[in-house]
Structures are given as C-alpha cells and as structure tokens.
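As a basis for the values below, the full set of heavy atoms in this structure was taken, side chains included, without hydrogen atoms, waters or symmetry mates.
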Amino acid sequence: MSYRDEDYHAYEGVNFTEHSGIEFDEYSTKELNALWRATLKKGMHGICFSMYEDGQEPGDIITEAQVERRIEILKPYTKWIRSFSCVEGNEHVARLAHKHGLKTLVGVWLSDDKEDNEKEIEGLIQLAKEGVVDIAAVGNEVLYRNDLPLEELLEYMRRVKEAIPNVPIGYVDAYYEFSLRPELVEASDVILSNCYPYWEGCHIDGSLNHMQQMFGQALDAAQGKKVIITETGWPSEGGSLRGALSSKENAMKYFINAQVWARKANVEMFYFSSFDESWKTGDEGDVGAYWGLWDKDEKLKF
C-alpha cells in the first residue's frame, strides 16, 4: 500500500450499496470494543501479512522462525494469508501458511529494478511449483507508483501465467485502474482490487458505502471475472486526511462494518493489516505505523 491523498474517483457505471452498516451512535467504547472482538473471533476471509518487527524494514532478511510465530498468531482468525514478496524471507510466508492449513495469495514486488524483478518472478514460480501458491499476484501498485510501463507489467503477467498455468494470476492495484486499463482485466484470471476510503479522505460515516462503490467499480470493469478486495483498512492513530480521522474508535468501526458486509455479500476480502509496522512511516507519514489489528509487539490492539 502506498500513500494516497486523492479526490474521490467519481464513477457513474454502477451503484453497489448493499449494506448500510451498523449504527454505532448508541455504542459505548466498551461495547464497541466487545463487538470488535466478537467480529474478529468470527474470522476473516483473509489478512495481509505484516513481515517486519520494530527496527526491521524491507531489505532485511527475515527468519523462518519469525514468520512462523506470526502465522501461528493469525491462523485462528483467517482462512487466507496475503504476502507481498518472494525474497528476503518473504518466501517463508507461503510455505508456512500452507503448513498451518491456510491458503495463500502470494505476491511479487515489482519495481523499476529489473534484476530484483527477476529474483521475485523466479521465487514465485518456485513456490507455485512447490504447491504453496493458491493465487499469484504479479505486482502491487506498480502502475500507481509509475515504476513500470503497462506493457512491461503485462509481459511479466504473461510470463508467470505461462510458467504456472494451473495457478490463477492477477495484478494488485487501486480499484479504478481496472476501469482505466482494460488490458489488465484481459491479462488477469482474477481482479485484485485495493479499496481505501481513508486515502480518499472519506469520513468514517460514509466509509462503508464508499468502499462498496469502489468494489462495484472494479466489479463493473471485471468482465465477469471474480473480484477480490486485496486491501482495505483504517489506521488507529496518526494524522487525519480531510474527513478521514485516524482513531481507535474509527479503526474498530471500519473493521466491523467491512467484515459484516463482506460476509453478507460473499465478498472475498483481505484486511490490511495484521501487525503495526514502524518502518511504514517513511512512505505514508505517521499513520503508516498503525494499520494493524495487532500492535508492533504482536498484541491485539483493542
């Protein structure tokens, strides 16, 4: 996930409001916390794996033991784990998730570094051949960051599809990219869409509706292919973005409503994120460190 400070991407093609959400006005903080815990206990479809302990960052080599400890914390609450890379210890995520009976959405981190991209692609293909990749994500917000031109990204996708034809593949980016670039839809077996009302400055009261509209836009662009929400979430601390306030209460409200709606609408959703990661402040400002359901010490936050 990258820092966003965007206007709403208005779209008139679909209205996808299915569930208006829970009215929280009468909830005390204690009651809200209890409902959050109960919602978490019911379980999620999927969660994004947070790799790094305090003091660690991308580029560090992460041990198998650290990954397994975190997988064991998450496995009572989720069916799927999403990873973001296939190198520097990230390759342990898919193997250990499968070891513990979880399914995997395995990502490669593509950038403008062609040598690193080769290592990522080779790592993904190896994991798929081991049978530990249930869905492959060939890149994450590459177009949003303007790291690669579209045709180079599509070539990576074609290459992976040819190498692992029995594994569904896709590409992860903001929901509106699939409307703007139909070539992505054509190249994908499944549409992998990030949906963040927070990053578009949406007030918490309208956040569920806005997220539904985001999903609806991706669904409308998908040409009948499955759409998975690969990231959505709300920070519990840090600065605010226009109408979007970072707070513990809003983080709990968003999680509850997102999970209730996804369950009712049968939408496959990966929540962002599992653990707080301090290194993310460099990319996203102070809110970057506070997207987890667990804190940086691996304790449930609420």
Side-chain angles (χ1 to χ4, degrees), residues 1-2 4 39-40 42-52 67 70-71 73-86 90 93-94 96-98 100-109 124 127 132-142 144 167-175 177-178 188-199 207-208 211-212 214-219 222 225-235 251 254-277 280 284 288 291-294:
M1 182 189 63
S2 301
R4 301 184 184 281
T39 304
L40 180 63
K42 285 183 179 179
M44 298 170 277
H45 170 78
I47 195 163
C48 297
F49 191 77
S50 303
M51 191 72 173
Y52 301 105
V67 172
R70 291 192 161 194
I71 292 284
I73 292 170
L74 299 176
K75 72 177 182 179
Y77 303 98
T78 189
K79 300 173 184 175
W80 287 69
I81 294 283
R82 179 188 169 203
S83 64
F84 292 80
S85 171
C86 292
N90 287 277
V93 179
L96 290 168
H98 264 244
H100 287 277
L102 300 172
K103 292 191 173 183
T104 58
L105 171 57
V106 179
V108 294
W109 190 265
L124 172 63
L127 289 171
V132 296
V133 179
D134 294 292
I135 299 174
V138 187
N140 181 71
E141 296 187 340
V142 176
Y144 176 80
V167 177
I169 71 117
Y171 161 71
V172 177
D173 215 323
Y175 64 99
E177 291 287 355
F178 301 98
S188 299
D189 299 314
V190 60
I191 308 306
L192 305 176
S193 173
N194 290 350
C195 301
Y196 280 108
Y198 177 87
W199 286 127
S207 59
L208 178 63
M211 193 257 280
Q212 290 170 359
M214 293 170 162
F215 175 76
Q217 179 172 342
L219 194 68
K225 296 179 179 180
K226 179 189 285 188
V227 177
I228 297 174
I229 296 177
T230 37
E231 293 177 36
T232 194
W234 200 278
Y254 188 79
F255 175 80
I256 292 164
N257 269 339
Q259 296 298 331
V260 169
W261 167 69
R263 196 173 294 117
K264 287 187 174 184
N266 198 29
V267 172
E268 297 181 11
M269 180 177 71
F270 287 79
Y271 204 78
F272 191 92
S273 190
S274 46
F275 304 98
D276 283 349
E277 292 184 291
K280 294 179 69 66
E284 300 171 14
W291 290 82
L293 302 178
W294 284 259

**Report entry** Parallel, tilted or perpendicular: ring planes of Tyr77 versus Trp294, cut at 30 and 60 degrees
**Finding:** perpendicular
Query - Residues Val106, Cys86; criterion side-chain contact (heavy atoms from CB on, under 4.5 Å); working and verdict - result: CA-CA 8 Å; Val106 179; Cys86 292; 3.7 Å; yes
Query raised in the report: What pair of heavy atoms forms the shortest contact from Ile135 to Val133, and how long is it?
Result: O-CG1, 3.4 Å
Report task. Could I get the full list of salt bridge (charged side-chain N to carboxylate O under 4.0 Å, His left out) partners for Glu277, not counting sequence neighbours? Result -> none
Query raised in the report: Is Phe272 close to Tyr196 at the side-chain level, that is, under 4.5 Å between some pair of heavy atoms?
Result: yes
Query raised in the report: Parallel, tilted or perpendicular: which describes the rings of Tyr254 and Tyr271, with under 30° parallel and over 60° perpendicular?
Result: tilted
Report summary line: Met269 and Ala258 have their tightest heavy-atom pair at CE-O, 3.5 Å
Report task. Check the pair Tyr198, Trp291 against side-chain contact (heavy atoms from CB on, under 4.5 Å), reporting the backbone distance first and the verdict last. Result -> CA-CA 11 Å; Tyr198 177 87; Trp291 290 82; 3.9 Å; yes
Query raised in the report: Is it true that a side-chain atom of Asp189 and a backbone atom of Ile169 form a donor plus acceptor pair closer than 3.5 Å?
Result: yes
Query - Trace of the side chain to side chain donor-acceptor pair (under 3.5 Å) decision for Lys79 with His45 - result: CA-CA 5 Å; Lys79 300 173 184 175; His45 170 78; 5.9 Å; no
Requested in this report: Give a yes or no on whether the backbone of Ser193 and the side-chain of Thr230 come within a donor-acceptor separation of less than 3.5 Å.
Outcome: yes
Query raised in the report: Which atom pair, heavy atoms only, marks the closest approach of Leu127 to Ala94?
Result: CD1-CB, 4.3 Å
Report task. State yes or no: are the ring centers of Trp261 and Phe215 separated by less than 6.0 Å? Result -> yes
Query raised in the report: Quick check: does any side chain N or O of Thr232 sit under 3.5 Å from a backbone N or O of Cys195, one acting as donor and the other as acceptor?
Result: yes
Query - Pair Val93-Leu96, side-chain contact (heavy atoms from CB on, under 4.5 Å): steps then yes or no - result: CA-CA 5 Å; Val93 179; Leu96 290 168; over 6 Å; no
Query - Close side-chain approach of Ile228 and Val190, heavy atoms under 4.5 Å - result: yes
Query raised in the report: Hey, what do you get for CG (Leu105) to CD1 (Ile81), rounding to the nearest 0.5 Å?
Result: 10.5 Å
Query - Heavy-atom side-chain proximity of Val172 to Asn194 below 4.5 angstrom - result: yes
Query raised in the report: At their closest point, which heavy atom of Ile191 faces which heavy atom of Ala222, and how far apart are they?
Result: CG1-CB, 3.7 Å
Query raised in the report: Hey, would you say the Trp80 and Phe49 ring centroids sit under 6.0 Å apart?
Result: no
Query raised in the report: Mind checking whether His98 and Thr104 have side chains closer than 4.5 Å, heavy atoms only?
Result: yes
Requested in this report: Please report the shortest heavy-atom distance between Leu192 and Phe178, naming the atom on each side.
Outcome: O-CZ, 3.3 Å
Query raised in the report: What closest approach, in Å, do Asn257 and Leu208 show between heavy atoms, and which atom pair accounts for it?
Result: O-CD1, 3.8 Å
Query raised in the report: So how far is it from Thr78 OG1 to Met44 CE, rounded to the nearest 0.5 Å?
Result: 5.0 Å
Requested in this report: Determine, using ring centers only, whether Trp109 and Phe84 are less than 6.0 Å apart.
Outcome: no
Requested in this report: Please tell me if the side chains of Lys42 and Arg263 come closer than 4.5 Å, counting only heavy atoms from C-beta onward.
Outcome: yes
Query raised in the report: Once you round to the nearest 0.5 Å, how far does CG of Leu102 lie from CG of Leu74?
Result: 8.5 Å
Query raised in the report: Do Arg70 and Ser50 have side chains that get closer than 4.5 Å, going by heavy atoms?
Result: yes
Report task. Measure from the side-chain N and O atoms of Lys225 to the backbone N and O of Ser188, and report whether any donor-acceptor pair falls under 3.5 Å. Result -> yes
Query raised in the report: Taking C-beta and beyond as the side chain, do Met51 and Val67 meet within less than 4.5 Å on heavy atoms?
Result: yes
Query - Verdict with reasoning, Leu40 to Leu293, per side-chain contact (heavy atoms from CB on, under 4.5 Å) - result: CA-CA 9 Å; Leu40 180 63; Leu293 302 178; 4.1 Å; yes
Query raised in the report: Just wondering, do Cys48 and Glu231 contact through their side chains at under 4.5 Å, heavy atoms?
Result: yes
